[in-house]
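Right, one structure below, let's go through it.
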Amino acid sequence: MVAKGPIYMCVWEHLLLLSPSLFLGAPMAFFMAILGVVALVLCFCSALLKWNEVRYRRQGLPSGTMGWPVFGETTEFLKQGPHFMRNKRGRYGSFFKSHILGCPTIVSMDPELNRYILMNEAKGLVPGYPQSMLDILGKRNIAAVHGSTHKYMRGALLSIISPTLIRDQLLPKIDEFMKIHLSHWDNKVINIQDKTKEMAFLSSLKQIAGMESSSISQPFMTEFFKLVLGTLSLPIDLPGTNYRRGLQARKSIINILSQLLEERKASQNAHVDMLGCLMNRDGNRYKLSDEEIIDLIITIMYSGYETVSTTSMMAVKYLHDHPKVLEEIRKEHFAIRERKKQEDPIDCNDLKSMRFTRAVIFETSRLATIVNGVLRKTTHDMELNGYLIPKGWRIYVYTREINYDQFLYHDPLTFNPWRWLGNSLESQSHFLIFGGGTRQCPGKELGIAEISTFLHYFVTRYRWEEVGGDKLMKFPRVEAPNGLHIRVSSYTN
């Protein structure tokens, strides 16, 4: 028994020495075949990458890399986000080439150059949004058109969100909605991300469709959320993709709005809301077709939804994490309530007095970076920053890093709303939180009014604490994948 192990070992060694191929030949051949395939794939991939670099190696272009054919460096960009951009800037400077979101792209991270690009749309630069966004938001949406068409559509939009209309029609609707939306939250655990999404959507819909908003809100909201996801996807029109769902959602929304338009035409009743203003051909100098009205409504809903909901959610998060800021904003809003009766709504004078609240909104937008940048497209070969950019290339005006520039913002990673008080930061050339040039967000003041009114009723009615464990992502969009849960209780002064 003692010698059995060594005897068997010797037998195995002898057999292996006599005929190793008997036991190892097949596995070794298979292993070598796998190695050969891997080497072949690596060579092919290397050749493919090199071919793609040579394909875009034109004289006059800035430095950079282009990644894979078709996909480019989109995967790395979406996965790594800010790290991808910082690594590129460290290697190639603040003006470099890449291939992201399906297009050859020049990325600009220079504050002054970014402002120049945004201010000079007429000089060979037009909106360059991804194809998925253009397809789903509509060819006539204000973000897609340019030149005289953009000027006309922007005029139509500004006519329904003018300061006078905000004061007389929109703010009363916002106030009435917020009072109801924020009722009965005490002694509950809520997902503030879901609540602010609902708030942004339903508030906009009430301003657009007035009384009819309640009857169409549920089917509209279901389709709208699919539409939003579709605009953020690659334009791959296959069953089950977010892009296909987004296109289908657009069709459903068009049907809902078309039916509403027909009902209003048949009723002959006057409606005091955005849709009523757009349909009033006698009192409105901007005469839009039904298709243009529908695209404009979708654009209003889309642009306001993301910024208002996310800024509101992140403001709640930052106020929770910074008690002194919360104390200051409460002080401002309770001072407003002391001047009013309990049932009195927020008015424009109250909004003007919310200086610290406005600072909180700006600081939240800056630190959370709700919008990372904007895209432009060249209409012809053009010189920019000493380089020759080919026709049809995208220019990604990447503004995210400007928000964390220590030369522009002292201690940039600290949440400090006081930085916005009394030092004219809002008027500085690097202030691009709301875009710039002729494309500056036309709904800026309306959005601020919505967020300010939300915060007014939230901080004066409630105190809250985070339940904990919820993760926040800040790229490519700011969101809490599993929600942001807070325990809410009634606030007593």
Side-chain angles (χ1 to χ4, degrees), residues 136-138 141-143 153-154 156-163 165-182 193-229 231 249-250 252-254 256-257 260-261 264 271-279 292-313 315 346 351 361 365 370-371 434 441-458 477:
I136 293 171
L137 294 184
N141 85 79
I142 192 172
M153 294 295 288
R154 184 180 176 88
L157 176 56
L158 290 173
S159 73
I160 59 175
I161 56 173
S162 67
L165 286 179
I166 291 175
R167 181 192 68 207
D168 297 338
Q169 295 182 21
L170 302 181
L171 186 55
K173 285 186 174 71
I174 293 169
D175 182 86
E176 179 186 21
F177 170 80
M178 294 299 177
K179 280 180 181 175
I180 297 170
H181 187 72
L182 273 77
Q193 178 170 254
D194 285 350
K195 288 291 186 181
T196 53
K197 283 182 177 180
E198 290 172 9
M199 175 270 287
F201 173 83
L202 295 172
S203 177
S204 291
L205 192 59
K206 186 177 180 65
Q207 296 164 52
I208 290 167
M211 294 294 292
E212 290 115 326
S213 63
S214 57
S215 63
I216 65 173
S217 61
Q218 203 53 53
F220 199 138
M221 184 159 58
T222 301
E223 298 302 322
F224 181 77
F225 290 164
K226 296 177 188 175
L227 179 145
V228 171
L229 287 176
T231 63
R250 172 177 169 79
S252 299
I253 290 171
I254 288 174
I256 293 170
L257 293 176
L260 181 57
L261 286 172
R264 287 206 172 185
H271 294 84
V272 185
D273 51 37
M274 289 184 182
L275 188 54
C277 291
L278 291 173
M279 293 181 68
E292 288 171 331
I293 289 174
I294 288 172
D295 276 357
L296 190 57
I297 289 172
I298 292 174
T299 303
I300 293 169
M301 297 290 297
Y302 181 85
S303 55
Y305 164 77
E306 189 79 10
T307 51
V308 170
S309 65
T310 308
T311 305
S312 299
M313 176 187 76
I346 293 296
L351 282 181
I361 293 170
S365 299
I370 311 301
V371 178
F434 298 96
C441 177
K444 170 187 170 185
E445 294 304 325
L446 179 59
I448 290 172
E450 287 186 281
I451 300 167
S452 298
T453 309
F454 165 79
L455 290 174
H456 174 80
Y457 288 109
F458 189 67
R477 57 196 292 233

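All residue numbers refer to positions in the sequence shown, counting from 1.
Side-chain atoms of Ile448 and Leu351, non-hydrogen and from C-beta on, never get closer than 4.5 Å to each other. Between Ile174 and Phe454, every side-chain heavy-atom pair lies at or beyond the 4.5 Å cut-off. Residues Lys206 and Glu176 have side chains in contact (heavy-atom distance under 4.5 Å, counting atoms from C-beta outward). By the 4.5 Å heavy-atom criterion applied to side chains, Val228 and Lys197 are not counted as neighbours.
Ring geometry for Tyr305 versus Phe225: interplanar angle of 30 to 60°, hence tilted.
A distance-only check finds no donor-acceptor pair linking the side chain of Asn141 to the backbone of Thr299 [under 3.5 Å]. Distance alone, capped at 3.5 Å, is enough to place a donor-acceptor pair between the Ser213 side chain and the Gly210 backbone. At least one donor-acceptor pair under 3.5 Å links the side chain of Thr196 to the backbone N or O of Gln193.
Distance check: Ile160 CD1 to Asp273 CG gives 9.5 Å after rounding to the nearest 0.5 Å. Atom CD1 of Ile208 and atom NE2 of His271 lie 14.5 Å apart (nearest 0.5 Å). The structure places CD1 of Ile297 at 4.5 Å from CG of Leu275, a figure rounded to the nearest 0.5 Å.
Taking the six-membered ring for Trp and the full ring otherwise, the centers of Tyr457 and Phe177 sit at least 6.0 Å from each other.
A salt bridge links Lys226 with Glu223: the distance from a Lys NZ or Arg NE/NH1/NH2 to an Asp or Glu carboxylate oxygen falls below 4.0 Å.
Exactly one of Ile161, Leu296, Ile293, Leu157 qualifies for a side-chain contact (heavy atoms from CB on, under 4.5 Å) with Met274. That residue is Ile161.
Applying the side chain to side chain donor-acceptor pair (under 3.5 Å) test to pairs two or more places apart or on separate chains, those with a residue in residues 441-456 are Ser203-Glu450, Gln207-Glu450, His333-His456, Arg337-His456, Arg358-Glu445, Glu426-Lys444.
Across every non-hydrogen atom of Lys195 and His181, the tightest pair is O-NE2, 3.1 Å.
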